[in-house]
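Proteins get letters first, then strands, A, B, ... in listed order; numbering begins at 1 in each.
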There are 2 protein chains.
Amino acid sequence: MSEKRRPTLEDVAEAAGVSRATVSRVINGVRNVDPKLHEIVWQAVDATGYVPNRAARSLVTRRSGTVALVVSDAVSHDDDPFMRRFFADPFFGRIVGGVMSVLRPKGVQLALQIVGTQEARTRLVGDLGQGQADGAVVLSLHPDDTLPQQLCDAGIAAALVGRPAQPVPISYVDLANDAGGALAAEHLLGRGCTRLGMITGPAHVPASQDRLTGFRQALARHGHAWFPIAEGGFTYESGESAMLALMAEHPGLDGVFVANDLMAQGALMALRTRNVRVPDEVAVVGFDDSSAALDARPQLTTVRHPLEDMAAETTRLVLARIDDPSLRVESVIFDPKLVVRQSA
Amino acid sequence: MSEKRRPTLEDVAEAAGVSRATVSRVINGVRNVDPKLHEIVWQAVDATGYVPNRAARSLVTRRSGTVALVVSDAVSHDDDPFMRRFFADPFFGRIVGGVMSVLRPKGVQLALQIVGTQEARTRLVGDLGQGQADGAVVLSLHPDDTLPQQLCDAGIAAALVGRPAQPVPISYVDLANDAGGALAAEHLLGRGCTRLGMITGPAHVPASQDRLTGFRQALARHGHAWFPIAEGGFTYESGESAMLALMAEHPGLDGVFVANDLMAQGALMALRTRNVRVPDEVAVVGFDDSSAALDARPQLTTVRHPLEDMAAETTRLVLARIDDPSLRVESVIFDPKLVVRQSA
DNA sequence: TTGTACGCGTTATCAA
DNA sequence: TTGATAACGCGTACAA
């Protein structure tokens, strides 16, 4: 890019009147350095405008100074409607924000990787094993995803955002989805609803199951042994039709917990179609606190998913494991909060 | 990661019975290599499982083998509702897909960078100048964004997805937004609408202006000298209120062109609120063909924005400029297509 | 066409 | 505590 040569350690050393080695030690914060030299060196760094050469450093440290953000789906990105849905949620952006918030201060690069096919997954694990990145923050979006196991087998420093669908000894950060379901139940009961129903997400998604379980247990604690359920697919449309089905079979419902905001938005549309007033006739609680919650009419009361914080924590887990590969597998669970708006 | 040392060029050379240099030449596809050796070397590469060391290569080639995907906004990510909107669109995911489709085959890494503050922008330009990445695909989301100019001044290989808001000698790829506006106009007129209106995006966004211009000119060609306009902010809510305003002031409208799908979705909601049938009483055409177009009821007839292709082309522009910095600034314009669904 | 040898900018080892 | 000096793995003039 620039015409003139970038300053190197040697240049700084000359400017400071010391040796390369000393400058290197100062910059890397190694102890055993004369405080006087310390200052002199930093001044020289400033004066020369020195910036460490990542490649040279990587070559000798055998670290890339990069962490990969891997989005793993069952099928290729382009063909899959769910993948479009995934990006359609603010989900991804929030995660990126959380990851960057811890990577940036450490000067670590974020390399984005999206793997849809089995071949791509295998290649990715190979690349990571070759040191393309020092570790990986992984979003595994499909229950049959083999990537967590592969990463584990390859001994790669990685952690998942969200509990792995299958039991794999890999670190992860998750939300107490069951607690979220309980929050929704308590809130609906608290506002006087007595005939509750739920629209769940896909049965094979762990988060979806947990939300159902939490909702069910909280209701059971209040004596509600049973409630009608309709299964959706986390999409707007599925929420709409699930709500229609629920209303057709159980006309007396006065409260519904929907496993994500997008479906809840669809459910609101269905209620509107049937001229049912929300929340007066039927109260609706969503999940995620995504932008869909604000777009909805009425605005959604929903369970907030602190994705940024969770992504940041996941990144810390990965970084810690890069520093010390002997660290044991760990999981961190976040607690959800209820955000009360208009729909319940 | 792995216990044993990774194979190096030296190992391959030994296995093939040639010198390091020859192996290097074969791998990098340099001419002047004996075809026989060529094959022998590749077999040795296979046998040893050799993979080039990026750091070592970078050190000598002075290339990072990385392209940055930069999202530049006027304010910090977390605070800005527009940023959430941005990620809320499938926009970002589609662009990532397009970029990766050309980077992956070339073995180039994608480094994600999100800069919200002026300080972050300056630091980014510095980092890129230091060779953190060889070039940048840039999404500039704010009219006052100084990043394009800064990149230009720093002589960094970069190209924008979307026309820069201010005239800057930098390569970009854009959509013929005006042609898209014209498509919408022709379609509405073609289906017999005679009293048209438009909901525009923010006046300072170039794409928004162009859509309006194209719509206007096409109508003018058919004798429609004037039509009512309401300005929105590319959000669902703004589309909803713009539509309400339009209906209040111009009750006779029978067709509306909305500058993006999200606003169009809001407009549909407004029409529904007023019990106006779509498309029978009022036809609606959106823009982008985002997932919002499919979520809408009725599903949106809209102008398709070939974002993946555009992002891929932008990436090619960046790559070409990395290879040959003397390449002149270039722009590539894509043509939109009309996707007919139910709303018009 | 192939091989030798040097340099890329760091970190790390070992004397001093 | 500091300073030479040896890797790190690769590309490439230059010589053969």
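- With values rounded to the nearest 0.5 angstrom, A:Leu147 atom CG is found 6.0 Å from A:Gln150 atom CD.
- What separates CG of A:Asn53 from P of D:dG9 is a distance of 16 Å, to the nearest Å.
- Nucleic acid contact for B:Ser24: base, since at least one base atom lies under 4.0 Å from a heavy atom of the residue.
- B:Arg63 places its CZ atom 18 Å from the P atom of C:dC8, with the value rounded to the nearest Å.
- Distance from the side chain of A:Ala56 is smallest for C:dG9 among the nucleotides D:dG11, C:dG9, D:dG3.
- Listed candidates were C:dT11, D:dT1, C:dT10. Nearest to the side chain of A:Asn28 is C:dT11.
- In this model, the phosphate group of D:dT1 is approached by a side-chain N or O of A:Asn32 to a distance below 4.0 Å at OP1 or OP2.
- In this structure, the nucleotide among D:dT2, D:dG9, C:dT10 sitting nearest to the side chain of A:Leu59 is D:dG9.
- Between A:Glu14 atom CD and D:dG3 atom C1' there is a gap of 16 Å when expressed in whole angstrom units.
- Annotation for B:Arg104 and A:Ile114: closest pair NH2-O, 2.8 Å, computed over non-hydrogen atoms.
- If you check every strand for non-hydrogen atoms under 4.0 Å, B:Arg62 touches sugar and phosphate atoms only.
- Distances shorter than 4.0 Å separate none of the side-chain N or O atoms of A:Ser19 from OP1 or OP2 on D:dT2.
- At a threshold of 4.0 Å, the pair B:Arg6-B:Asp11 does not count as salt-bridged, since none of the basic side-chain nitrogens sits closer than that to a carboxylate oxygen.
- Distance from the side chain of A:Arg20 is smallest to D:dT5 among D:dT5, D:dG3, C:dC8.
- Heavy atoms of A:Val51 sit under 4.0 angstrom from primed sugar atoms or phosphate atoms, though from no base atom.
- Under 3.5 Å, the side chains of A:Gln149 and A:Gln166 contain no donor-acceptor pair of N or O atoms.
- Taking atom CZ of residue B:Arg6 and atom P of nucleotide D:dC8, one finds them 13 Å apart after rounding to whole Å.
- Annotation: of the two residues near DNA chain C, A:Arg25 and B:Val33, the 5′-most nearest-nucleotide partner is B:Val33.
- Summarising the geometry, the separation between CD1 on A:Ile27 and C1' on C:dT11 is reported as 12 Å, rounded to the nearest angstrom.
- Nearest nucleotide to the side chain of A:Ala21, out of C:dT1, D:dG3, D:dT2: D:dG3.
- Of the listed nucleotides (C:dT11, C:dG9, D:dG11), D:dG11 has the atom at the smallest distance from the side chain of B:Arg57.
- When distances run from any side-chain atom of B:Val60 to the nucleotides D:dC10, C:dG9, C:dT10, the shortest one goes to D:dC10.
- Distance, A:Glu10 CD to C:dG7 C1': 13 Å, rounded to whole Å.
- Distance check, rounded to the nearest 0.5 Å: CG of B:Leu59 to CZ of B:Arg54 gives 14.0 Å.
- When heavy atoms are screened at a 4.0 angstrom cut-off, A:Leu9 is found touching base atoms of the nucleic acid.
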